[in-house]
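What follows is a set of notes on a single structure, which appears directly below.
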Amino acid sequence: MSVRSDSADIVKRIASDGVAVIENYWSAEQCGKALTEMDSAIDTYPDCVRKFSGGADMRMFGVEMVSETARLFHEDKYLRSMGELIGGCGLYNFATLGARIDATDTNRGSGDGWHRDAFGFQFKAIIYLCDVTPENGPFEYIPRSHKEWRVAIDSALGRLPVPPESRIEDARVQKMIASGAASSKTFIGKAGTLVLANTTGVHRGTPLLHGRRYALTNYYYHHFQIGETMLQKFAPMMPGTAERIADMIAS
């Protein structure tokens with residue numbers, strides 16, 4: 001497992017703001033190979049591709065089972081260890097998402113708009129496989145929105161939906177930003193840029209204006225969170241993914 005001298009600072013930033021970025025985590029060559037393998041998987045396994053935003057957002061859960069390069073990201077022990085430091089106990093990488101999204105008129109950005117993945121704790125590692133500019137859908141996050149006290153205040157004041165509702169209208173977020181009640185931060189970066197986030201915070205992929213965006217995302221969960229219901233939630237997945245997870249559940 002690789003060790004970074006700035007790991008303590010990264011953990012501190014995620015605990016404080018909810019998100020941290022590491023530049024040049026992967027080389028351009030690694031990213032290019034993963035991107036090519038992702039395109040091949042989309043063509044080879046069309047029945048396992050989930051589509052959102054009118055078909056603009058193409059998602060493959062378990063891409064590590066069909067992509068050698070994605071598997072390296074899936075099995076990266078450093079990434080998992082960072083999540084475990086933040087979450088306080090062991091994590092399992094449920095699946096790696098391979099996502100390609102295009103700048104069509106129907107796209108609403110990766111993730112289909114503002115949302116929270118959960119309440120309390122949810123850790124994800126995202127790596128850009130292409131250069132991501134303000135034009136092609138960078139990750140956008142409301143800093144400190146992952147904190148439980150902030151969730152309680154925003155819900156009580158009617159700024160954001162009350163839990164367990166996790167989808168949030170853009171108009172609500174823009175109103176909070178305009179009033180000064182919140183700010184958003186957009187994360188652009190070259191291919192190989194890594195984003196580590198507690199995605200209980202409010203976030204989205206910004207709608208694409210031009211081009212295409214490729215990314216891999218590791219979905220980490222505590223072991224006790226994973227069961228048959230989750231398998232159904234993410235179906236269909238790449239061949240072999242459900243079997244791997246079922247074996248973990250049974251063990």
Side-chain angles (χ1 to χ4, degrees), residues 1 7-8 10-20 48 50 59-65 70-99 110-112 115-127 139 141-142 144-152 154-155 160-168 194-204 215-251:
M1 181 178 69
S7 292
I10 293 167
V11 170
K12 183 178 179 180
R13 276 184 280 152
I14 297 172
S16 173
D17 294 337
V19 63
C48 297
R50 302 181 68 183
R59 307 186 135 218
M60 297 173 289
F61 287 99
V63 71
E64 75 280 356
M65 304 300 290
R71 181 179 285 271
L72 294 176
F73 190 64
H74 179 85
E75 295 178 347
D76 190 321
K77 294 180 180 179
Y78 175 76
L79 301 179
R80 189 184 70 206
S81 71
M82 294 298 283
E84 290 174 340
L85 284 172
I86 297 160
C89 62
L91 294 175
Y92 180 75
N93 190 355
F94 177 82
T96 296
L97 167 67
S110 178
D112 229 13
H115 63 283
R116 302 179 188 272
D117 287 342
F119 289 89
F121 175 76
Q122 172 71 65
F123 181 68
K124 284 184 178 178
I126 305 164
I127 194 160
F139 183 73
Y141 194 92
I142 305 297
R144 296 172 293 284
S145 60
H146 66 298
K147 294 182 177 292
E148 292 184 6
W149 64 264
R150 182 62 189 266
V151 174
D154 287 336
S155 297
L160 295 177
V162 176
E165 177 57 48
S166 60
R167 308 299 306 188
I168 304 166
L194 176 71
V195 179
L196 302 176
N198 181 342
T199 51
T200 60
V202 179
H203 66 283
R204 69 172 181 173
L216 295 174
T217 302
N218 287 343
Y219 281 57
Y220 296 96
Y221 292 95
H222 298 308
H223 288 69
F224 64 82
Q225 295 175 298
I226 302 171
E228 186 63 34
T229 300
M230 189 174 291
L231 284 173
Q232 295 173 6
K233 174 183 176 181
F234 287 96
M237 294 185 282
M238 289 288 113
T241 310
E243 291 79 6
R244 168 180 59 78
I245 297 168
D247 287 344
M248 185 280 295
I249 294 172
S251 63

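Please read all numbers here as calculations on a predicted model, not as lab measurements.
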Test side-chain hydrogen bond (donor to acceptor under 3.5 Å, both in side chains) on Thr199 and Tyr141 and set out the steps. CA-CA 9 Å; Thr199 51; Tyr141 194 92; over 6 Å; no
Before you tell me yes or no, could you show the steps for Ile126 and Phe139 under side chain to side chain contact (heavy atoms under 4.5 Å, CB included), namely the whole-Å CA-CA distance, both residues' side-chain angles and the distance that decides it to 0.1 Å? CA-CA 9 Å; Ile126 305 164; Phe139 183 73; 4.0 Å; yes
Evaluate Val202 against Leu160 for side chain to side chain contact (heavy atoms under 4.5 Å, CB included), listing each step before the verdict. CA-CA 10 Å; Val202 179; Leu160 295 177; 4.1 Å; yes
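Considering every non-hydrogen atom in both Ser155 and Val162, the closest pair reads OG-CA, 3.9 Å. The two residues Pro239 and Met65 have their closest heavy-atom pair at O-CB, 3.4 Å. Shortest non-hydrogen contact noted between Ser145 and Val151 is O-CG2, 3.8 Å. Of all the heavy atoms in His146 and Gly18, the pair that sits closest is CE1-N, 3.4 Å. Scanning all heavy atoms of the two residues, the minimum distance from Cys48 to Met238 falls at CB-CE, 3.1 Å. In terms of heavy atoms, Ala70 sits closest to Leu216 at CA-CD1, 4.0 Å.
In this view, His222 and Phe121, Phe224 satisfy the ring-ring contact (aromatic ring centres under 6.0 Å, His included) rule, not counting sequence neighbours.
For the salt bridge (charged side-chain N to carboxylate O under 4.0 Å, His left out) with Asp17, the qualifying choice from Lys12, Arg150, Arg144 is Arg144, the only one to do so. None of Leu196, Leu85, Val19 except one satisfies the side chain to side chain contact (heavy atoms under 4.5 Å, CB included) rule with Ile14; the exception is Leu196.
Contact of the Val11 side chain with the Met82 side chain is registered, since non-hydrogen atoms from C-beta on lie closer than 4.5 Å. Using a 4.5 Å cut-off on side-chain heavy atoms (C-beta onward), Asp117 and Ser166 make no contact. Contact check for His223 versus Met248: side-chain heavy atoms found under the 4.5 Å cut-off.
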N/O donor-acceptor pairs under 3.5 Å from side chains in residues 86-98, not counting sequence neighbours:
residue : atom : partner : partner atom : Å
Tyr92   : OH   : Arg244  : NH1          : 2.7
Asn93   : OD1  : Tyr219  : N            : 3.4
Asn93   : ND2  : His74   : O            : 3.0
Asn93   : ND2  : His74   : ND1          : 3.0
Asn93   : ND2  : Asn218  : OD1          : 3.3
Thr96   : OG1  : His74   : ND1          : 2.9
Thr96   : OG1  : Asn218  : OD1          : 2.6

Would you mind writing out the side-chain donor-acceptor pairs for residues 227-236 within the sub-3.5 Å range, not counting sequence neighbours?
none

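Between the side chain of Glu243 and the main chain of Ile245, no donor-acceptor pair closer than 3.5 Å is present. A distance-only check finds no donor-acceptor pair linking the side chain of Ser16 to the backbone of Arg13 [under 3.5 Å].
From Lys124, atom NZ reaches atom OH of Tyr220 across 12.0 Å, with rounding to the nearest 0.5 Å. Here Leu79 contributes atom CG and Lys77 contributes atom NZ; the two are 12.5 Å apart, rounded to the nearest 0.5 Å. Between the OG1 atom of Thr217 and the CZ atom of Phe73 there is a distance of 7.0 Å, given to the nearest 0.5 Å.
More than 12 heavy atoms of other residues, nucleotides or ligands sit less than 6.0 Å from atom CD of Glu75.
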